[in-house]
Amino acid sequence: MAAKKASESFSKTLIEEVHKWGCMKQTGVSLRYMMEFGSKPTQRNLLISGQFLHKELPIRIARRAIELESLPYGLSEKPAVLKVRDWYLDSFRDLRSFPEIKDTNDEREFTQMIKAIKVRHNNVVPMMALGVQQLKKGMDPKIIYEDLDEIHQFLDRFYMSRIGIRMLIGQHVELHNPNPPLHCVGYIHTKMSPVEVAQNASEDARCICLREYGSAPEVNIYGDPKFTFPYVPTHLHLMVFELVKNSLRAVQERYMDSDRVAPPIRIIVADGIEDVTIKVSDEGGGIPRSGLPKIFTYLYSTARNPLDEHSDLGTADTVTMAGYGYGLPISRLYARYFGGDIQIISMEGYGTDAYLHLSRLGDSQEPLP
């Protein structure tokens, strides 16, 4: 069925080509390499980068397009998933029909095109979430919790690959910026202060908490604000924001009807030789041990998807405290993308500690699902 739909709007030749490219080997890039290569954005380097992406992006996109056609439980046939698959096939077609990049003019045109591809895929995460919701609606609830491991693993691979594709496109596009901010190489900040990013992310999370509940616990940050290391600030902001938001929500809901003052959330930034670790601690009552494995899955959230069946895609920018249940698993993928990780330790009846480990060395290759 899914294959039939694909061939209705896309030629047989294109589908065959997708399968051919999907078998080719992907090439990973490390944070350090991106930083060193991008530190001299000469026309020659931009040309090399453009030529690399011209070959690399179709391989990565083809792999995802193929996987989208063979998902278990009929997930491939869900309207939202078909829409995502069409985005991937459109992007593959755009990349493959772009001629060989021979000079700076070609490279500039190519950059405009991949910029447009990145925009086309902006809503992939909520759209896939909608597909999973569409699937859950028609399913026996007994199946959902045991057998959906396969879908979970697919979504991990799918979103991890998306992080990589967006990083490569964003990095290349940003290298064209004629006035890059100080110490920035594309998306990478060579002297990023994790304390500063944590402060900004906490403020953003508190604003949402205030908007939703009318008050918000304090957030105290411990660590040296002068300490810096190379990383991608947007990635770190997203991860800390998510962890702090979860903590604020837990504390707020626990103390909402209490006379006692809500205890603050504590963030500790530690600078090790291998890792920079950020710990977010709350006294929000914790998570039962039986619930811990579920917090990193994509299928348990009870929250409403911003792209609900009836809502307009354009209004899906509002962030809510509950999100749509993808914050933690996706944050963990961002951490793992550059060799880090997220661990959650909980004391039921007291609170939760989230450890965000970031690799300092920047040597690990991208994971290539």
Side-chain angles (χ1 to χ4, degrees), residues 30-32 34-35 156 159-160 163-164 167 183-184 187-206 217-251 263-287 289 291-293 295-296 326-348 350-367:
S30 69
L31 179 67
R32 175 171 303 205
M34 283 188 212
M35 198 162 73
D156 261 353
Y159 291 139
M160 179 65 95
I163 291 169
M167 180 69 199
H183 305 307
C184 284
Y187 274 4
I188 303 159
H189 193 306
T190 57
K191 289 189 162 54
M192 182 196 76
S193 157
V195 168
E196 203 180 299
V197 176
Q199 279 165 340
N200 294 334
S202 304
E203 278 310 302
D204 288 358
R206 283 192 80 239
E218 292 297 323
V219 178
N220 298 335
I221 302 179
Y222 305 88
D224 178 2
K226 289 199 268 306
F227 159 64
T228 66
F229 77 114
Y231 203 71
V232 180
T234 49
H235 289 192
L236 181 58
H237 187 287
L238 178 144
M239 294 184 280
V240 175
F241 171 79
E242 191 55 42
L243 296 174
V244 172
K245 182 164 68 87
N246 290 348
S247 288
L248 288 168
R249 184 170 160 223
V251 171
I265 281 130
R266 303 176 65 210
I267 300 180
I268 299 158
V269 178
D271 145 35
I273 293 168
E274 277 184 28
D275 279 353
V276 173
T277 303
I278 298 174
K279 178 167 87 163
V280 178
S281 298
D282 69 59
E283 294 172 39
I287 302 159
R289 216 153 36 107
L292 273 174
I295 62 176
F296 284 111
Y326 281 31
L328 262 184
I330 284 189
S331 295
R332 184 167 69 173
L333 296 178
Y334 272 99
R336 289 177 173 175
Y337 178 68
F338 283 129
D341 210 351
I342 288 180
Q343 286 169 312
I344 306 277
I345 311 286
S346 194
M347 286 173 76
E348 191 187 4
Y350 179 73
T352 303
D353 286 350
Y355 291 85
L356 167 56
H357 301 283
L358 308 169
S359 170
R360 269 199 87 148
L361 309 171
D363 285 332
S364 67
Q365 291 287 345
E366 293 177 277

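Heads up: numbering here begins at 1 and tracks the sequence.
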Pairing residues for [X] by the salt bridge (charged side-chain N to carboxylate O under 4.0 Å, His left out) criterion, not counting sequence neighbours:
{"X": "D224", "value": "none"}
{"X": "E218", "value": "R206"}
{"X": "D204", "value": "none"}
{"X": "R332", "value": "none"}

[X]: what forms a side-chain hydrogen bond (donor to acceptor under 3.5 Å, both in side chains) with it, not counting sequence neighbours?
{"X": "D275", "answer": "none"}
{"X": "S346", "answer": "T352"}
{"X": "R266", "answer": "none"}

Do [X] and [Y] have side chains that get closer than 4.5 Å, going by heavy atoms?
{"X": "M34", "Y": "M167", "value": "yes"}
{"X": "L236", "Y": "L356", "value": "yes"}
{"X": "I345", "Y": "Y355", "value": "yes"}

Checking Y334 now: which residues fulfil ring pair (Phe, Tyr, Trp, His ring centres under 6.0 Å) with it, not counting sequence neighbours?
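For Y334, the residues satisfying ring pair (Phe, Tyr, Trp, His ring centres under 6.0 Å) (neighbours in sequence not counted) are H235.
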Under the side-chain contact (heavy atoms from CB on, under 4.5 Å) test, residues paired with [X] that sit two or more places apart:
{"X": "P263", "result": "V251, Y255, E283"}
{"X": "S364", "result": "none"}
{"X": "S30", "result": "R32, Y33"}
{"X": "S202", "result": "V219, I221, V244, I267"}

So H183 and H189, would you call those rings parallel, tilted or perpendicular, with 30° and 60° as cut-offs?
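Tilted.
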